[in-house]
Amino acid sequence: MTASSPDRRLRARLRRLTSATAAFALAAGIGAIASPAMAADGDDETTDAGVVELSVAIGSHGRITPGASATASLALQNDTDARLSSGTVTVEINRTPLTDGTAVSTWLDETSAPGEFETLGSKATDAVDAGGSDRITVDLAPESLADLAPGVYPIRAGLSGASTGALDSDDLVSRNVAADSVLVVTADAVQVGVIVPITATPADGVLLTADELTELTAADGELTAALDGVSGTAAVIAIDPAIIAAIRVLGTAAPANATDWLERFDDLPNERFALQFGDADVTVQAQAQLPELLQPTTLAPFLNPLSFPSTPSTPTPTPGSSTPSPTPTVPDAPVLPDDEELTAVDDAIDGIVWPLAGARSEDLATFTGYFGGEVTTIVSSAATDAVDTAHATADGHDLLVIDDAISAAISGAAAESASGARQRWLAAASAQLYFAGQATPQAPLLVGLDRDETRDAAALREAIAAVDSPGFDLSAVRSAAASPVTLVAGAVDDLRVNALQNMLVDEGTLATFATILDDPQVLLSRERIRVMREIAVGVPETKFSTNVAVHRAATNDTLHAVSIPPSSTIQLLSANADLPFSVRNDLPWPVNLRLTVAPTDPRLEVQGSNEVVVQANSSARVKVPVSARVGSGELDLRLNLYSPTGVLIDGPQTVRVAVRAEWETIGLIIFGGLAVLLIVGGVIRTVLRRRRESADESDGADASAEAEADADTHAGEKETT
């Protein structure tokens with residue numbers, strides 16, 4: 001089928017319709033339809049109370065064989081905050097078939113189709129509680145569908161007579177809650193293969209952590225849902241090898257359910273191939289003229305040797321004896337897996353790339369150069385000018401072509417958790433599949449699901465089962481004859497190309513910055529993976545620019561994570577001293593630095609180079625010896641931080657130094673003078689004290705002599721008497 005412009009818009013239209021299923025509501029909270037155009041004759045005012053939704057499908061995913069009887073399955077959902085009373089559902093068909101995919105799009109988008117509708121059947125409905133749902137089966141008379149020729153027919157259903165109590169039923173009868181879909185009548189079986197991408201984006205943009213793996217591979221996790229959805233189908237799996245690597249790098253520390261998930265994935269019989277690491281887009285790399293595809297620089301920094309047990313050495317027998325030596329054996333160092341072992345996808349088909357839409361013929365030539373030989377590129381049918389065919393060539397380059405319209409509908413069904421709404425997507429897919437099969441009845445078709453990391457297992461399984469063919473063999477399709485096609489001329493995606501080139505420039509700056517680390521790869525490996533994830537195929541245009549801006553801001557923060565904090569004026573009160581300077585490290589790893597200090601005045605001598613190691617998330621003080629040749633004055637010191645290889649990390653920072661070295665001399669003179677005064681004062685006090693003591697001794701001797709003389713006189717006088 002030639003990919004017409006309306007067909008290429010089917011994806012957007014169907015998504016608008018799904019989001020619009022709740023667009024019609026009455027003031028009391030009743031009324032929602034699968035097609036908003038059906039409510040044009042009623043009030044479309046919405047309320048906070050919620051809506052009532054109705055969906056309809058006939059047959060299996062909207063398909064029946066010619067002459068077969070069928071039933072209509074309807075789903076009624078009451079999302080209002082009031083009880084919905086009983087009513088009546090009516091199913092109608094328009095016997096004028098839709099002519100092509102464009103007509104299908106017009107009917108589903110605008111509820112516009114030629115011909116008249118007639119009733120197939122009706123049934124009374126039970127009351128539905130607030131927030132509840134009900135499924136109604138309407139038996140259709142065998143003869144009502146028996147005369148339908150193969151084709152695609154518009155169908156619709158309506159609910160009347162129901163009320164939430166705010167409006168009388170007469171008003172509600174004229175404002176039916178309605179749904180529209182299609183019925184496909186066909187006996188032809190088209191071989192269809194479905195490609196299901198499995199990706200998972202970690203919060204930090206590098207590798208999934210143990211906690212993230214625990215959540216994703218739990219019984220209700222998204223990765224578990226992906227395997228549950230493809231299990232038992234013939235779907236081809238496109239796996240991001242970063243998921244497998246995230247489990248393997250943890251070794252014995254990997255969560256048990258994650259290792260079980262990996263074993264289950266390996267055991268699946270489904271065909272598979274590996275996406276680029278992180279699902280990085282190959283097209284933007286080619287358009288950015290990269291000489292080779294981006295790959296992780298190394299995954300070694302993510303390995304913990306303790307999580308990879310060592311194997312003990314075998315004891316060596318003693319000479320001349322078969323008995324092992326009793327010498328204790330020493331365990332061998334653990335053998336760590338290399339990058340190839342960590343990312344290998346067992347039994348994967350080689351040489352397939354699935355880039356973002358927009359690859360040009362010259363890009364395909366670049367892909368061949370990247371892989372050093374033949375490579376098969378998956379492209380959308382919207383990018384070719386040919387009828388539907390799974391295997392094609394363009395300018396000698398091998399292609400796998402996925403049908404754009406069917407892929408849009410199946411992707412919508414796989415993302416829809418509500419069963420009723422999902423049936424409408426599947427009916428649309430059946431209609432597009434019918435027209436594709438009519439155009440090329442013998443050719444196999446390929447369907448590719450959108451990148452979606454939050455699918456429900458039941459929805460994914462039903463979406464795949466609605467179209468895929470048991471036993472589909474992708475390898476056989478690749479080896480079959482290819483149809484020549486021409487790629488629709490595309491333009492270079494300047495937004496993504498410029499962003500990638502800028503991020504790679506930043507990565508080069510980080511590479512020189514990382515020389516401050518013992519192992520630069522602890523930083524550079526993470527950076528490369530983040531760059532690859534920024535250009536992932538699954539990143540929508542609405543988020544791309546924001547994501548890149550956040551990434552570049554984080555890179556800038558890293559480049560400024562090691563620095564010399566500003567310092568106030570330093571007072572130098574001595575001719576010789578050690579000046580302290582601070583160095584800050586906000587990185588989670590230790591850094592090796594060289595601090596250089598240069599004065600602006602030769603009268604101050606400084607130790608120019610100073611080695612320093614700053615631990616992770618900390619600061620260190622570096623004491624730099626200086627010697628002043630001037631007694632007083634102010635001058636500047638220029639500080640720079642370098643890596644051991646001479647890369648400037650931060651600087652120059654200017655620090656003002658106020659030299660007051662004369663205060664040291666003045667202080668010494670003052671202290672010396674005081675010491676002399678104290679000494680002199682002490683001597684004087686000692687001399688004076690000794691003089692006083694001598695005088696006191698002399699006076700005492702004289703007094704003693706006088707006393708003795710007086711005593712002798714008195715004695716003489718007594719003798720005379």
Side-chain angles (χ1 to χ4, degrees), residues 18 60-61 75 133 135 192-202 208-248 250 254-275 279 345-349 354 402 406-407 409-426 429 446-474 538:
T18 296
S60 174
H61 308 305
S133 62
R135 297 192 67 86
V192 180
V194 181
I195 305 177
V196 180
I198 298 180
T199 61
T201 304
L208 294 170
T209 64
D211 290 341
E212 289 173 324
L213 286 170
T214 298
E215 180 179 351
L216 291 171
T217 58
D220 58 349
E222 284 81 2
L223 286 179
T224 300
L227 292 194
D228 289 343
V230 300
S231 181
T233 73
V236 179
I237 301 173
I239 183 74
D240 179 1
I243 299 174
I244 297 174
I247 299 174
R248 290 176 178 162
L250 296 175
N257 53 327
T259 56
D260 291 343
W261 183 92
L262 185 55
E263 290 179 4
R264 183 186 174 196
F265 170 76
D266 289 337
D267 292 340
L268 284 175
N270 302 67
E271 291 182 293
R272 69 207 53 193
F273 65 90
L275 300 169
D279 198 20
V345 179
D346 295 342
D347 301 321
I349 302 173
W354 191 359
I402 59 175
I406 304 175
S407 297
I410 292 298
S411 295
E416 180 56 67
S417 59
S419 177
R422 186 161 63 246
Q423 296 307 313
R424 191 167 186 274
W425 286 104
L426 295 178
L446 269 181
V447 174
L449 270 65
D450 290 343
R451 269 70 163 180
D452 188 345
E453 300 176 1
T454 60
R455 292 190 181 100
D456 174 75
L460 177 59
R461 185 185 302 109
E462 186 174 9
I464 296 171
V467 294
D468 83 324
S469 302
F472 181 86
D473 189 343
L474 184 63

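Under the 4.5 Å side-chain criterion, counting only non-hydrogen atoms from C-beta, Ile198 is in contact with Leu227.
Atoms CG and CG, from Asp456 and Leu460 in turn, are 8.5 Å apart once rounded to the nearest 0.5 Å. A distance of 10.5 Å separates CZ in Phe265 from CG in Leu223, rounded to the nearest 0.5 Å. How far CD of Glu271 is from CG of Asp473: 4.5 Å, rounded to the nearest 0.5 Å. The line from CZ of Arg451 to CG of Leu275 is 5.5 Å long, rounded to the nearest 0.5 Å. Atom CH2 of Trp261 sits about 8.5 Å away from atom OG1 of Thr224, to the nearest 0.5 Å. Asn270 contributes atom CG, which lies 12.0 Å from atom CG of Leu474 (distance to the nearest 0.5 angstrom).
Minimum interatomic distance between Gly229 and Ile464 (heavy atoms only, all atoms of both residues): O-CD1, 3.8 Å. Residues Phe273 and Ile349 approach most closely at CB-O, 3.4 Å, considering heavy atoms. Residue Arg272 comes nearest to Asp346 through the heavy atom pair CD-O, 3.3 Å, listed as atom of the first residue, atom of the second, then distance. For the residue pair Ala414 and Ala459, the shortest heavy atom distance occurs at O-CB, 3.5 Å. Minimum heavy-atom separation, Ala254 to Ile247: CB-O, 3.7 Å. Residues Ala246 and Leu213 approach most closely at O-CD1, 3.7 Å, considering heavy atoms.
Screening residues 460-470 for salt bridge (charged side-chain N to carboxylate O under 4.0 Å, His left out) gives Arg422-Glu462 as the qualifying pairs, with residues at least two apart or on separate chains. Applying the salt bridge (charged side-chain N to carboxylate O under 4.0 Å, His left out) test to residues at least two apart or on different chains, none of the pairs has a partner in residues 218-227.
Residues satisfying the salt bridge (Lys or Arg N to Asp or Glu O under 4.0 Å) criterion with Asp452, sequence neighbours excluded, are absent altogether. Remark: Arg135 pairs with no residue by the salt bridge (Lys or Arg N to Asp or Glu O under 4.0 Å) rule, at least two apart or across chains. Partners of Asn257 under the side-chain contact (heavy atoms from CB on, under 4.5 Å) rule, at least two apart in sequence or in another chain, are Thr214, Thr217, Ala218, Pro255.
Other residues, nucleotides and ligands contribute over 12 non-hydrogen atoms within 6.0 Å of the CG atom of Asp260. For Glu215, the CD atom sits in a loose shell: 12 or fewer heavy atoms of surrounding residues, nucleotides or ligands are nearer than 6.0 Å.
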Give every donor-acceptor pair under 3.5 Å between a side-chain atom in residues 232-244 and any protein atom, sequence neighbours left out.
unit_1 : atom_1 : unit_2 : atom_2 : d
Thr233 : OG1    : Val230 : O      : 2.7
Thr233 : OG1    : Ala235 : N      : 3.2
Asp240 : OD1    : Ala242 : N      : 3.0
Asp240 : OD1    : Gly278 : N      : 2.9

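A distance-only check finds no donor-acceptor pair linking the side chain of Ser407 to the backbone of Val447 [under 3.5 Å]. Glu453 places a side-chain N or O within 3.5 Å of a backbone atom of Thr201 that can act as its donor or acceptor partner.
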